[in-house]
Amino acid sequence: TGVTLPPTAKELARVGAPIARHALEPGDLVFFDTRRFAFSHVGIYLGDGRFIHAPSRGSEVEIAELGNAYWRKHFNGARRLVGELPGLVPTAEAASLAAVR
């Protein structure tokens, strides 16, 4: 897409539009306090209360449940980037743009 995103979870938390947990959509970023400071971990919401994330450096990417007690306790908020940042467009719009090109 040509969009450059910040390299850390804390910096990513300042990008896009804040959204409520009940309004999450697939592709939204979900943030957690996993290191005793806000926005220290980020995942990508998949839908149905699940998100994908890398639990730690060098470990395998996994799918987790937002409803899990640990993640519920450490949840800091969410941000929507698609449709909010120039260059990031919703999937249907992206598909129609690709068809035009």
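Every value quoted in this text rests on a predicted model; they were computed, and no experiment measured them. All values below were derived from every heavy atom in this structure, side-chain atoms included, with hydrogens, water molecules and symmetry-related copies excluded.
The two residues L46 and P26 come nearest to each other via the heavy atoms O-CG, 3.6 Å.
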Considering only distance and modelled atom types, tabulate donor-acceptor pairs under 3.5 Å from the side chains of residues 63-72, sequence neighbours left out.
from: N68; atom 1: OD1; to: Y70; atom 2: N; distance (Å): 2.7
from: N68; atom 1: OD1; to: W71; atom 2: N; distance (Å): 3.4
from: R72; atom 1: NH1; to: G67; atom 2: O; distance (Å): 2.3

Distance-only donor-acceptor hits, side chain of residues 49-57, under 3.5 Å, sequence neighbours excluded:
from: H53; atom 1: ND1; to: H41; atom 2: NE2; distance (Å): 2.8
from: H53; atom 1: NE2; to: E62; atom 2: OE2; distance (Å): 3.3
from: S56; atom 1: OG; to: S59; atom 2: OG; distance (Å): 3.1

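Both V61 and L12 belong to a single network of hydrophobic side chains, linked directly or stepwise wherever heavy atoms of I, L, V, M, F, W or Y lie under 4.5 Å apart. By the rule that hydrophobic residues join a cluster once side-chain heavy atoms approach within less than 4.5 Å of another member, L81 and I19 end up as members of separate clusters.
Residues satisfying the ring pair (Phe, Tyr, Trp, His ring centres under 6.0 Å) test with F31, not counting sequence neighbours, are F39.
Between D33 and S40 there is a side-chain heavy-atom pair separated by less than 4.5 Å. At a threshold of 4.5 Å between non-hydrogen side-chain atoms, the residues I44 and V30 do not count as touching.
Evaluated for a side chain to side chain donor-acceptor pair (under 3.5 Å) with D28, the options R79, R80, R21 yield exactly one hit, R80.
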